[in-house]
Amino acid sequence: MMEPTESTDRAGRYVRHPSGYDYFVPEPLPPPDLDLTAGFLTRLSLADRALARLDGAASVLPNPDLFVFMYVRREAVLSSQIEGTQASLDDLLEAEAELASGERRVEIDEVVNYVGALRYGILRLDALPVSLRLVRELHERLMQGVRGGEPSRTPGQFRRSQDWIGGTSPSTARFVPPLAEDIATMLSSWERFIHDTAQMPDLVRIALIHAQFETIHPFLDGNGRIGRLLISILLHQWEIIQRPLLYLSIFFKEHRDLYYERLQAVRDNGEWEEWIDFFIEGVATVATEAYETATEILALRERDRERLVDLGRRSGTAHKLLDYLFERPVISVALATDVLGVSQPTANALVNAFEEAGLLRETTGYRRNRKFEYVEYLDLFGERGSRQ
């Protein structure tokens, strides 16, 4: 390990490697003398209130788990898109309904893995809190069978070689994280901070944890996705929100350049306060939007249940199909047959009735192998992306 040669600032320092490039050595958390002004504390209070309101809205949804399904999948899509994946929410839903074409299978698998890793992480909290062990387990699931998941990229293991961000080598990189031989010590300090019970607002702690993880950059691939995934898991572990309905990838994607600029400004200039402020703004914005979406979901469900009243004896089966669509809003007649446990003609007639009532829209234009989408519900989630 090299001895640092440059002066220390609030976040860390750059050190010249014998090969001629500068790599970063972060200081342990927490940063010294955080200046959380009265204005910031007001914004933090607004974010906390937005989270509480979202949590309350989720508690009155008829079956919150049905709606969590869509939030998790949108997060997976958007977090992957930040890293350049082109698969859309439609692509993911079609793949899960086994209706997808093979042209985007690799990219879809990356998103599917993100969904699986997030669900695994939430369930794993019952036995294992956020820790280095859990981080490795999440990374192994995230990278299994996809780009960056080759054995040489050591999925599920912290890197043993130098990595960099941007450019074709460390010398031309936009940012070079710490040396591989140093990250074990840095990660141990990072883990201790997660479990430190010192007085600090939880959202501030999560902002610091995320930035430090991205700076350490412990894996050869998948660091951004794991870091954003951990935000959601920590919100759940610390009971800031009871249901996993808050995901910041939509905010980070909409402000992608600023997201990276704020992280880099922490390293270059020690601008922790500016990064935390940006993070808190994201929490407040996304929590407010998620609350509005949850109330719109509730209104849509009640409105569409009323549309099914005229189906008479079929209304019971129709309500079952409607509830299923809130979980998986892309469907075929064959899938409806299996889900409802009815004959193919009965399922076909019911799907056609949903289409006539305006609940479903056929999207292929084919006479066979037709695919239907619950469009009004999908539209509530925005950022659906487009097929290319």
Side-chain angles (χ1 to χ4, degrees), residues 71-93 95 103-121 135-150 152-159 161-168 170 172-177 209-233 247-264 266-267 275 278-279 282 286 381-388:
Y71 281 99
V72 168
R73 277 143 185 80
R74 185 178 68 165
E75 164 68 9
V77 168
L78 294 173
S79 188
S80 299
Q81 286 178 352
I82 291 173
E83 307 300 328
T85 299
Q86 297 300 311
S88 68
L89 182 56
D90 283 344
D91 293 326
L92 174 61
L93 294 170
E103 60 185 15
R104 282 231 171 119
R105 189 68 244 185
V106 173
E107 292 191 335
I108 294 171
D109 284 346
E110 292 178 3
V111 183
V112 170
N113 281 8
Y114 190 100
V115 173
L118 182 52
R119 294 183 64 185
Y120 175 86
V135 168
R136 289 194 300 270
E137 291 178 6
L138 294 172
H139 187 261
E140 184 174 16
R141 281 159 177 76
L142 180 73
M143 305 307 298
Q144 187 173 14
V146 300
R147 293 173 294 188
E150 302 86 358
S152 62
R153 305 288 286 177
T154 61
Q157 300 296 321
F158 299 127
R159 59 183 171 88
S161 60
Q162 188 59 58
D163 199 11
W164 62 90
I165 300 173
T168 57
T172 61
R174 184 172 69 252
F175 173 72
V176 181
I209 289 164
H210 178 74
Q212 190 82 332
F213 182 85
E214 298 305 323
T215 292
I216 297 172
H217 209 73
F219 298 109
L220 291 176
D221 201 355
N223 293 282
R225 282 167 287 169
I226 290 292
R228 290 184 290 275
L229 186 154
L230 287 172
I231 294 172
S232 302
I233 293 177
Y247 302 100
L248 292 185
S249 288
I250 188 169
F251 183 80
F252 292 156
K253 183 172 185 288
E254 289 174 349
H255 304 278
R256 180 175 175 175
D257 290 344
L258 186 56
Y259 169 55
Y260 289 127
E261 287 172 11
R262 287 284 180 244
L263 288 173
Q264 192 60 38
V266 169
R267 303 156 186 157
W275 158 252
F278 173 75
F279 185 90
V286 174
F381 290 88
E383 285 288 335
R384 294 175 59 195
S386 59
R387 300 180 185 84
Q388 298 180 7

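Hydrogens, waters and symmetry mates play no part in the numbers below; they use all other heavy atoms, side chains included.
Of all non-hydrogen atoms in Glu83 and Gly224, the two that sit nearest each other are OE2-CA, 3.8 Å. When every heavy atom of Ser79 is checked against every heavy atom of Arg228, the shortest pair comes out as OG-NE, 2.8 Å. Across Leu78 and Ile250, no two heavy atoms sit closer than the pair CD1-CB, 3.4 Å. The two atoms that bring Leu118 and Ser232 nearest to each other are CD1-CB, 4.2 Å, heavy atoms only. Considering all non-hydrogen atoms of both residues, Ile233 and Gly121 come closest at CD1-CA, 3.8 Å. Contact record, Val176 with Asp163: CG1-O, 3.9 Å, taken as the closest heavy-atom pair.
Note that the CZ atom of Arg159 and the CD1 atom of Ile216 stand 9.5 Å from one another [nearest 0.5 Å]. With values rounded to the nearest 0.5 angstrom, Leu263 atom CG is found 9.5 Å from Leu258 atom CG. Atom CZ of Arg262 is separated from atom CZ of Arg267 by 13.5 Å, given to the nearest 0.5 angstrom. Taking NE2 from His210 and CZ from Phe252, the interatomic distance works out to 5.0 Å, rounded to the nearest 0.5 Å. The structure places CD1 of Ile108 at 11.5 Å from OG of Ser80, a figure rounded to the nearest 0.5 Å. To the nearest 0.5 Å, atom CE of residue Met143 and atom CG of residue Leu138 are 13.0 Å apart.
Between Asp91 and Val111 there is no side-chain heavy-atom pair separated by less than 4.5 Å. Contact check for Val72 versus Tyr247: side-chain heavy atoms found under the 4.5 Å cut-off. Between Phe158 and Phe219, some side-chain heavy-atom pair lies under the 4.5 Å cut-off. Side chains of Ile209 and Leu230 form no contact here, defined as non-hydrogen atoms less than 4.5 Å apart.
In this structure, the side chain of His139 does not engage the main chain of Asn223 through any donor-acceptor pair within 3.5 Å. Between the Glu137 side chain and the Gly156 main chain, no donor and acceptor come within less than 3.5 Å of each other. Put simply, the side chain of Arg256 gets close to the backbone of Ile82: a donor and an acceptor are under 3.5 Å apart.
Taking the ring centroids of Phe279 and Phe251, they lie at or beyond the 6.0 Å cut-off.
Scored by the ring pair (Phe, Tyr, Trp, His ring centres under 6.0 Å) test, Phe213 finds Trp190 as partners (sequence neighbours excluded). Remark: Tyr260 pairs with no residue by the ring pair (Phe, Tyr, Trp, His ring centres under 6.0 Å) rule, at least two apart or across chains.
Because its NZ or CZ atom is both nearer than 6.0 Å to the ring centre of Tyr120 and within 45° of the ring axis, Arg141 counts as a cation-pi partner of that residue.
Applying side chain to side chain donor-acceptor pair (under 3.5 Å) to Tyr114 and the options Arg225, Arg73, Glu75 leaves one that passes, Glu75.
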